[in-house]
Protein chains: 2
Amino acid sequence: MTTPARTEATQKLGKAQYAYEWIKVQILEQAFTPGYRLVLANIAQTLGMSVVPVREAIRRLEAEGLVTFERNVGARVSMVDGEQYRYSMEALGILEGAATAQSAAHLTAKELAEARELNAKLEESLENFDPETFTAVNHQFHQILACRCPNQRLNDMIAVEWERLNHLRTSTFSFVPNRARASVNEHYQILHLIETHAPADAVEKAVREHRTATLRSYLNSRGTN
Amino acid sequence: MTTPARTEATQKLGKAQYAYEWIKVQILEQAFTPGYRLVLANIAQTLGMSVVPVREAIRRLEAEGLVTFERNVGARVSMVDGEQYRYSMEALGILEGAATAQSAAHLTAKELAEARELNAKLEESLENFDPETFTAVNHQFHQILACRCPNQRLNDMIAVEWERLNHLRTSTFSFVPNRARASVNEHYQILHLIETHAPADAVEKAVREHRTATLRSYLNSRGTN
DNA sequence: CCGCCGCAGATAATATACGATTTCGAATAA
DNA sequence: TTATTCGAAATCGTATATTATCTGCGGCGG
């Protein structure tokens, strides 16, 4: 089934890389649920390779926090408690706030227009609401706003944190629909701040609070369930 | 020479772990300078193990940014340009500011006393100045202030960034002595803010600016050289 | 009846062997 | 002289084999 595509990708990027991506997809798509035990030999056989590249892939996933590893025992998909989701959201708010503030001054008119367009798409999608696409477009929106941040290190950290959140989110809850409307409005506010060249502090604060609000709404929704 | 200690550590933590730590020490102590090529077979022979654990160690170092890796070519110690140092400092300022602000409310009197003591030690050491110890104690100081941050994720990121900075710093410059005095004073200010229960914003801002100032002084000193 | 000991199965950790890719220099032809 | 091709050395990538470690279970002794 995936064999033809695999052999191709395998040759170019190496089996380790392929295994890495494959496992990550399994985790993100819930084929491997939290707590699932990743047995080297099994995966190696499934992918038609030896255990060595698989091992390497798993260690990389460990470094990203998607799996936990115990010596002489093995790896399993990270268990996710609500705390971890909270921590990552908070961290992302902090990083993204700072990055967006730095990026704001360098954004071109075209990029701002793109961002507006994306937010409009979000607004439309409020009708027949689909959490997955909403999340994806939302990600794009924030990515554009932060993309001109000259600090590459920050951007890297943000990327890692988004991946982590994708994992944690799908594992813990299916979204908070009520929040979507407010989120879109806050996006417009952020755009306004940037377009009117508001001080960097203000942009940073707005972005961070935007995320904090999402987090709060999540915590509330969990509390009342 | 290191054999007896090694065999012991090797047994407990595994050769991969040992290799990882050994290589890291070499890099941090400048035995492996930036650009140095890390050849699997060489290191494996030096450490008396096969290439497999060495390979794993190197991939872990890659994930931390201490070495760069190119497929079918190999690994080398990361080249460091001034930009990277700047980015990491900035990132650390952002993260540490937020973490310290969150931590402030939970710090015990004992911990604050410890912090004061460490800063006093820094003040003393201004006489016969030694950059290495200053840096180390400085790290401890900030670590204590942030240690009560409930967000474990933030703490992890900060730890990684400190390591990275240690690498970058020793590679690029030997410190800016003039800055040390101001740094100590700012530490006292930060302590004062925490002890008087200043708002979190204020603490965060102070810590971030503390680091920004260090960065500025570094950039200036480079500019006038 | 409960807890410790040891054995067997499973699985990770490492070693060794082989194949694949890149790099660099030397020989050759324009 | 210079560009190009060919080949050998170096080094990485992966597979296979071996060893070490953990886990769970069943028996033995208290």
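Chain letters run A, B, ... following the sequence lines, proteins first, then strands; residues in each count from 1.
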What is the separation between atom [atom1] on [X] and atom [atom2] on [N], rounded to the nearest whole Å?
| X | N | atom1 | atom2 | value |
| --- | --- | --- | --- | --- |
| B:L47 | C:dT14 | CG | P | 12 Å |
| B:R55 | D:dT14 | CZ | P | 6 Å |
| B:N72 | C:dT21 | CG | P | 7 Å |
| B:M49 | C:dA15 | CE | P | 7 Å |
| A:Y18 | D:dG13 | OH | C1' | 18 Å |
| A:K15 | D:dA15 | NZ | C1' | 9 Å |
| A:L40 | D:dC22 | CG | C1' | 14 Å |
| A:Y20 | D:dG13 | OH | P | 17 Å |

Taking the side chain of [X] as its heavy atoms from C-beta onward, which of [options] lies nearest to it?
| X | options | value |
| --- | --- | --- |
| B:S50 | C:dT16, C:dA12, D:dT14 | C:dT16 |
| A:V52 | C:dT14, D:dT16, D:dG13 | D:dT16 |
| A:R37 | C:dA12, D:dG13, C:dA13 | C:dA12 |
| A:V39 | D:dT11, D:dG13, C:dA12 | C:dA12 |
| B:R71 | C:dA15, D:dG13, C:dA12 | D:dG13 |

Pairing of [X] and [Y] as salt bridge, 4.0 angstrom limit:
| X | Y | value |
| --- | --- | --- |
| A:R60 | A:E56 | no |
| B:E204 | A:R208 | yes |
| A:R153 | B:E161 | yes |

Checklist entry - Using a cut-off of 4.0 Å on non-hydrogen atoms, how would the nucleic acid contact of B:L38 be classed: base, sugar-phosphate, or nothing? => result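 B:L38: backbone/sugar contact only, no base atoms under 4.0 Å.
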
Checklist entry - If every non-hydrogen atom of B:P150 is compared with every non-hydrogen atom of A:Y87, which pair is closest and at what distance? => result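 Heavy-atom minimum between the residues: O-OH, 2.8 Å.
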
Checklist entry - Roughly how far, to the nearest 0.5 Å, is CZ of A:R71 from CG of B:L13? => result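 Here the interatomic distance stands at 7.5 Å.
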
